[in-house]
K.L.:
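Once you've had a glance at the structure underneath, I'll fire off some questions.
Keep in mind it's a predicted model, so treat the numbers as computed, not measured. Both backbone and side-chain heavy atoms feed into the values below; hydrogens, waters and symmetry mates do not. Letters go in sequence order (proteins before strands), and every chain restarts at 1.
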Amino acid sequence: MIHKYNLFGYNLALDVESGAIHVLSDIAMQMIDYLEIMLEKNNFSNLPEECPVDIRYFLAKYESSDVKEAYSGLCELYNNQLLFSKSNNNIKLDFNENIPVKALCLNISHDCNMNCEYCFAGKGDFGIENEKKLMDEQTGMNAINFLMQKSKGRKNLEVDFFGGEPLLNFEVVKNIVLNTRKLEKEYNKNVRFTLTTNGTLLNNEKIDFINENISNIVLSLDGLKETNDSMRKYNGGEGSYSEIVPLYQKLVSERINKTGKYKDYYIRGTFTGKNLDFVKDIIHMRELGFKNISVEPVVSEEYNDYAIHEEDLPVIFKEYENLAREIIRRDKNKTDIFNFFHFNIDLENGPCFYKRAKGCGSGSEYLAVTPNGDIYPCHQFVGNEKFKLGNVNDNFNISDIKLNENLMKIFYGNNIISNQKCEKCWVKYFCGGGCSANNEKFNNNIYSPYKIACDIEKKRVECAIAIKAILS
Amino acid sequence: MEMETGKINQIQKSKHIRTINADNILKARKINKQTGCGECQASCQSACKTSCTVANQTCENK
């Protein structure tokens, strides 16, 4: 399978099954279509050494020597399995074994001091009423013990403090981190902590603790003041921008300088149907001094006035192109360079085939735990009763906790090879099959891809590949 | 259009073809074939939380 497209004046061809990326001349770009027809006719066996008369006829407007040279080059790629390469069905991936759990999203707080309009977490409580809002330390440590015991064979584990607003439960966050450090030695594990925050409760003590102990901090900000404050509001209606920006700047500036070692951070925003021109917000984030930026489309029911609809896609695609142009320009000028999360594709040291096929691992190696200990396939399934997998407080002996195996098997089986729609899609090895929770939310089926998200991901990957091609 | 000079992993550079990345999926197939080593970051723990992507994850074993 080949995906070919033109962007910024470059002819680009991705050979899906090998991952090879080629920048082509106009002649070679057109020739690929003829080669595909020829190969289909002869069942992808071989290409003749001499450029066939048919191809020379179709490309008669070009110099004959150029046509022959392009043909010879494309044949070489084909013979090296870098063009029209086939999927290798000999590799049997094992998706049915009891996959170890290696990452937990700890919903440490189902309470929030903000009232952001677009919150997919139902303003913090994920729509779960009459349950406790803050996770207690015992439940948190049961979750950590559960992770330690269910992660057999894995050294690197991940725990994300999520909410609601995690800093409303900061003492428990602190105690879980410090107690986990002791358990790490006992179990011979390396736990990386992530924390996602709205920033409003940051102070010197919390910043110091986060910079010392949290390996990746995700800081919510939507961009310009008017953009941020139109969605990210306190209960009284005022926006958070003026309070959080200086705190983020302090946290980020001290993150490397004080600890002496690099630690990840991301300024993470959301764009909605109300601000489809989100590049100006990203540029503003960079002007504030932030270099690691992630801005993502809102997840929302269609009836909300800020939802993204299919008719918005052409505008969003143009905006991603504007962003890619800006990144290329800055890179060439070596000024104010920044890193946009969804344009980061690692062409040389990317993930293994299993990871590409399995995606985020929700419901198998990645699970979420609520304040009362309920276990869900991921944070976006929280509150959807039919996806409850178990509870970390269910058994005194953590190793005896039983998860809903029938439900987990559904997630084990969710991968780009078993999913026929994904299997035929060119972007499959970049997205890993997309988001099961979005599929469930919009199509009532974790296997059924959510088209808007797929289309957006395809555009982001096209831009990311073009950036690599132009800057390499 | 004329090709520009490439830097990474070129297997072909000519007037008509510049290969900027030769075979990352082929290589990925050869590593930990059945279940992966499982040591890399879960993609949803990095910065997204709402829109899945895996190609930006770095392999822990390289």
K.L.:
How long is the gap from SG on B:Cys40 to NZ on A:Lys355, to the nearest 0.5 Å?
P.N.:
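Going from SG on B:Cys40 over to NZ on A:Lys355, the span is 4.0 Å.
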K.L.:
Do A:Ser25 and B:Lys15 come close enough that some side-chain heavy atom pair is under 4.5 Å?
P.N.:
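No; the side chains remain at least 4.5 Å from each other.
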K.L.:
Checking A:Leu104 against chain B: side chain, backbone, both or neither under 4.5 Å from a heavy atom?
P.N.:
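For A:Leu104, the contact with chain B is made by the backbone alone.
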K.L.:
Distance check, rounded to the nearest 0.5 Å: B:Gln41 atom CD versus A:Thr194 atom OG1?
P.N.:
6.0 Å
K.L.:
Of the non-hydrogen atoms in B:Ser14 and A:Glu69, which two are nearest, and what is the gap between them?
P.N.:
CB-OE2, 4.5 Å
K.L.:
A side-chain contact here means heavy atoms from C-beta on lying under 4.5 Å apart; do B:His16 and A:Ser72 qualify?
P.N.:
no
K.L.:
Please check: side-chain N/O of B:Glu39 versus main-chain N/O of A:Lys155, any donor-acceptor pairing under 3.5 Å?
P.N.:
yes
K.L.:
Just so I understand: if I count every heavy-atom pair under 4.5 Å between each of A:Gly434, A:Pro100, A:Ala437, A:Gly361 and chain B, which residue has the most?
P.N.:
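Winner by heavy-atom pair count: A:Gly434.
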K.L.:
Counting only heavy atoms closer than 4.5 Å, note whether A:Phe341 contacts chain B via side chain, backbone, both or neither.
P.N.:
both
K.L.:
Checking heavy atoms, do the side chain of A:Phe120, its backbone, both or neither come under 4.5 Å from chain B?
P.N.:
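Only the side chain of A:Phe120 comes within 4.5 Å of chain B.
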K.L.:
For A:Ile345, is it the side chain, the backbone, both, or neither that has a heavy atom closer than 4.5 Å to a heavy atom of chain B?
P.N.:
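Contact with chain B: backbone and side chain both.
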K.L.:
So for A:Val159, is it side chain, backbone, both, or neither that comes closer than 4.5 Å to the heavy atoms of chain B?
P.N.:
backbone
K.L.:
Could you check which of A:Ala103, A:Ser436, A:Ala13 has the highest count of heavy-atom pairs closer than 4.5 Å to chain B?
P.N.:
A:Ala103
K.L.:
Heavy-atom pairs under 4.5 Å with chain B are the metric here; pick the option from A:His379, A:Met29, A:Gln380 that has the most.
P.N.:
A:His379
K.L.:
With a 4.5 angstrom heavy-atom cut-off, which part of A:Glu457 approaches chain B: side chain, backbone, both or neither?
P.N.:
side chain
K.L.:
Quick check on the interface: out of A:Ala464, A:Cys431, A:Ser151, who has the most heavy-atom pairs with chain B under 4.5 Å?
P.N.:
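Max contact count across the listed options: A:Cys431.
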K.L.:
What part of A:Phe162 gets within 4.5 angstrom of chain B, counting heavy atoms only: side chain, backbone, both, or neither?
P.N.:
side chain
K.L.:
Quick one: does B:Ile20's side chain get under 4.5 Å of A:Val23's, heavy atoms only?
P.N.:
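When only atoms from C-beta onward are counted, A:Val23 and B:Ile20 do touch, with a gap below 4.5 Å.
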K.L.:
So which part of A:Asp66 gets closer than 4.5 Å to some heavy atom of chain B, the side chain, the backbone, both or neither?
P.N.:
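Both backbone and side chain.
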K.L.:
May I ask you to name which of A:Cys360, A:Gly432, A:Ala28 has the most heavy-atom pairs under 4.5 Å with chain B?
P.N.:
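Highest number of pairs under 4.5 Å: A:Cys360.
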K.L.:
Nearest 0.5 Å please: distance from the OG1 atom of B:Thr19 over to the CD atom of A:Glu76.
P.N.:
8.5 Å
K.L.:
When heavy-atom pairs shorter than 4.5 Å are enumerated against chain B, which of A:Val218, A:Ile267, A:Asp160 gives the highest number?
P.N.:
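So the answer, after comparing A:Val218, A:Ile267, A:Asp160, is A:Asp160.
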K.L.:
Give, as side chain, backbone, both or neither, the part of A:Ala70 having an atom under 4.5 angstrom from any heavy atom of chain B.
P.N.:
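Answer is both: backbone and side chain atoms of A:Ala70 are under 4.5 Å from chain B.
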K.L.:
Distance-only, no hydrogens or angles: does the A:Asp346 side chain make a donor-acceptor pair with backbone N or O of B:Ala55 under 3.5 Å?
P.N.:
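No, the answer is negative, given that no donor and acceptor are paired below the 3.5 Å cut-off.
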